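Below: the structure, in C-alpha cells.
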Amino acid sequence: MFKTRLMSGIVLVAAALVLIITGGEVLLTATCVISLIGMYELYRVCKMERTMAAGIGYLAAVIYYTNLYVQWIPDSMVYVLGLLILLLSVYVLSYPKYHASQVMAVFFGVFYVAVMLACIYQVRMMEQGAYIVWLIFLCSWGCDTCAYCVGVKFGRHKMSPVLSPKKSVEGAVGGLAGAFLLTVIYGMVFRTQMDISTAQIFVMAAISTVGGLISMIGDLAASAIKRNYKVKDYGTLIPGHGGILDRFDSVIFTAPVIYYLAAYLL
C-alpha cells in the first residue's frame with residue numbers, strides 16, 4: 001500500500017510540475033477537467049451524479065473556466081445568481097424529483113470544487129505567478145507531509161478525535177512549521193529569479209503558514225462530508241490515495257487563500 005501510494009504521489013508531483021510550468025490554456029483545461037471529476041465524485045456521494053441538476057453543475061463549471069479565459073461575464077454576481085435561479089427553476093419544475101439538499105449540493109459543488117480549484121490557474125497568471133503558485137502545494141502537500149512525519153514520531157494529543165483520529169496537535173504544529181521552513185528555503189533558492197528581498201521571503205512564509213492552517217480545515221471538511229454520507233473515499237482514480245477530492249481536499253482550500261493573500265501582500 002505504501003509503495004502504491006508513493007508511486008502515485010510521484011506521478012502526481014510530476015504531472016503538477018508539467019502542467020504548472022506550462023501554464024496558460026494547458027493548465028486551465030487540466031484544472032477544469034480535474035474540477036469536473038471532483039464534482040462528479042461529490043455528486044456521486046449525494047447519489048445524483050448523472051441527473052439533470054448535476055449536469056447544470058458541470059456546465060456551470062465549464063462556463064466559469066471559459067470565462068476566466070475570455071471574460072464573457074465581468075460581474076461574478078451575475079454568474080452566481082444565474083446559477084442559483086436556474087437550479088431552483090429545475091427544482092421547482094421537476095418537483096418532487098429532487099430533494100432540496102441535492103439542489104443545494106449541486107450549487108455547493110460548483111464553488112467548493114470548481115471555483116476554488118480555479119484559483120490555481122489564477123495564481124499562475126499573476127505577476128511572478130510561475131513561482132508564487134508553488135506556495136499552494138508547499139502549504140498543502142508539504143504541510144501534510146511534515147504533519148504526518150512529526151505526528152507519527154511525537155503525536156500525543158488528538159486534534160480532531162471524531163473526524164480524523166490519527167491527526168495530532170503536535171503533527172499540526174509540525175506541519176505549520178514545515179510549511180514555513182519549506183517556503184523560506186524555496187524563497188532563498190529562487191530569490192534572484194523572483195527579485196525579492198529577505199523580508200518578502202518571510203512574508204511568503206507567513207502566507208504559507210496561514211495556508212497550511214487552512215489546508216487542515218480543508219482536509220477535515222472533506223472528511224466530515226464523507227462521514228456524513230458514510231463513505232470511505234470519494235473515488236479510486238488515484239491508487240493509494242482515493243479520488244480527486246481525497247488528494248486535493250487541502251489544495252481546494254489553500255488555492256484561494258494563496259491567491260488573495262499573494263495579491264494583497266506580495
Side-chain angles (χ1 to χ4, degrees), residues 5 9 12-13 16 20 31 34-46 61 64 104-105 107-124 132-151 158-169 171-180 182-183 206-229 231-235 237-238 241-263:
R5 186 178 177 86
L12 281 174
V13 171
I20 292 175
T31 309
I34 290 170
S35 296
L36 290 172
I37 297 172
M39 290 171 64
Y40 180 86
E41 292 175 350
L42 181 64
Y43 294 160
R44 183 171 55 195
V45 167
C46 301
Y64 183 81
M104 294 175 193
F107 188 75
F108 170 75
V110 173
F111 293 93
Y112 172 57
V113 184
V115 173
M116 294 178 80
L117 270 180
C119 290
I120 295 174
Y121 169 77
Q122 291 175 279
V123 173
R124 177 63 177 83
I132 296 173
V133 70
W134 295 106
L135 299 188
I136 295 172
F137 300 96
L138 286 173
C139 68
S140 53
W141 294 350
C143 178
D144 184 55
T145 300
C146 292
Y148 174 79
C149 294
V150 174
K158 303 297 183 183
M159 184 173 70
S160 182
V162 177
L163 279 180
S164 191
K166 293 183 180 180
K167 286 183 170 56
S168 66
V169 174
V173 173
L176 296 179
F180 184 90
L182 286 172
T183 305
I207 290 174
S208 285
T209 304
V210 174
L213 180 61
I214 298 300
S215 76
M216 296 177 193
I217 302 298
D219 187 6
L220 292 173
S223 297
I225 294 172
K226 287 190 290 187
R227 286 188 177 276
N228 280 163
Y229 287 92
V231 297
K232 183 179 184 298
D233 293 316
Y234 283 103
L237 182 64
I238 308 172
H241 293 270
I244 288 293
L245 293 183
D246 294 297
R247 181 65 275 182
F248 285 82
D249 49 7
S250 57
V251 174
I252 285 173
F253 270 56
T254 56
V257 170
I258 297 302
Y259 175 62
Y260 286 105
L261 288 180

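None of the values given here were measured: they were computed from a predicted structure.
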Note to self: Just to verify, what does Ser250 make a side-chain contact (heavy atoms from CB on, under 4.5 Å) with, not counting sequence neighbours?
What the structure shows: Ser140, Trp141, Ser215
Item checked: Heavy-atom neighbours of Tyr260 OH exceed 12 at 6.0 Å -> no
Note to self: For a quick test of reading the model, state the closest non-hydrogen atom pair linking Phe253 to Ala221 and the distance between them.
What the structure shows: CZ-CB, 4.2 Å
Notebook entry, point to check: Heavy-atom distance under 4.5 Å between the side chains of Tyr112 and Leu42, does that happen here?
Noted result: yes
Next item on the list: Output the distance between atom CZ (Phe137) and atom CG (Leu12), rounded to the nearest 0.5 Å.
Entry: 10.0 Å
Checklist line | NZ on Lys167 to CG on Asp144, rounded to 0.5 Å | finding: 6.5 Å
Notebook entry, point to check: Which pair of heavy atoms, one from Asp246 and one from Tyr234, lies closest together, and at what distance?
Noted result: OD2-N, 2.8 Å
Next item on the list: Could you tell me whether the side chain of Cys139 reaches within less than 4.5 Å of the side chain of Thr183, counting heavy atoms only?
Entry: no
Item checked: Side chains of Met159 and Leu220 in contact at under 4.5 Å (non-hydrogen atoms) -> yes
Notebook entry, point to check: Counting distance only, does the side-chain N/O of Arg227 pair as donor-acceptor with the main-chain N or O of Val162 below 3.5 Å?
Noted result: yes
Note to self: With rounding to the nearest 0.5 angstrom, report the CD1 to CD1 distance, Ile252 to Ile214.
What the structure shows: 14.0 Å
Notebook entry, point to check: Minimum heavy-atom separation for Tyr43 to Ala105, with atom names?
Noted result: CE2-O, 3.5 Å
Notebook entry, point to check: Side chains of Leu182 and Cys146: does their closest heavy-atom pair fall under 4.5 Å?
Noted result: yes
Note to self: Quick check: closest heavy atoms across Leu117 and Thr31, and the distance to 0.1 Å?
What the structure shows: O-CG2, 3.5 Å
Margin query: Once rounded to the nearest 0.5 Å, what's the spacing between atom CD1 of Ile258 and atom CH2 of Trp134?
Written below: 14.0 Å
Notebook entry, point to check: Which heavy-atom pair separates Gly211 from Thr254 by the least distance, and what is that distance?
Noted result: O-CG2, 3.1 Å
Next item on the list: Keeping the roles fixed (side chain from Asp219, backbone from Met216), state whether a donor-acceptor pair exists under 3.5 Å.
Entry: no
Item checked: Minimum side-chain heavy-atom gap Val150-Val173 below 4.5 Å -> no
Check: Which heavy atom of Ile120 sits nearest a heavy atom of Ala255, and at what distance?
Finding: CG1-CB, 3.9 Å
Checklist line | Residues Val45, Asn228; criterion side chain to side chain contact (heavy atoms under 4.5 Å, CB included); working and verdict | finding: CA-CA 10 Å; Val45 167; Asn228 280 163; over 6 Å; no
Next item on the list: Taking the side chain as every heavy atom from C-beta outward, state whether Phe108 and Ile225 have any atom pair closer than 4.5 Å.
Entry: yes
Notebook entry, point to check: What distance separates Leu245 CG from Arg44 CZ, expressed to the nearest 0.5 Å?
Noted result: 9.5 Å
Next item on the list: For Glu41 and Ile244, indicate whether the former's side chain and the latter's backbone hold a donor-acceptor pair under 3.5 Å.
Entry: yes
Item checked: Close side-chain approach of Ile136 to Val133, heavy-atom, < 4.5 Å -> yes
Next item on the list: Report the distance from atom OH of Tyr259 to atom CZ of Arg124, rounding to the nearest 0.5 Å.
Entry: 14.5 Å
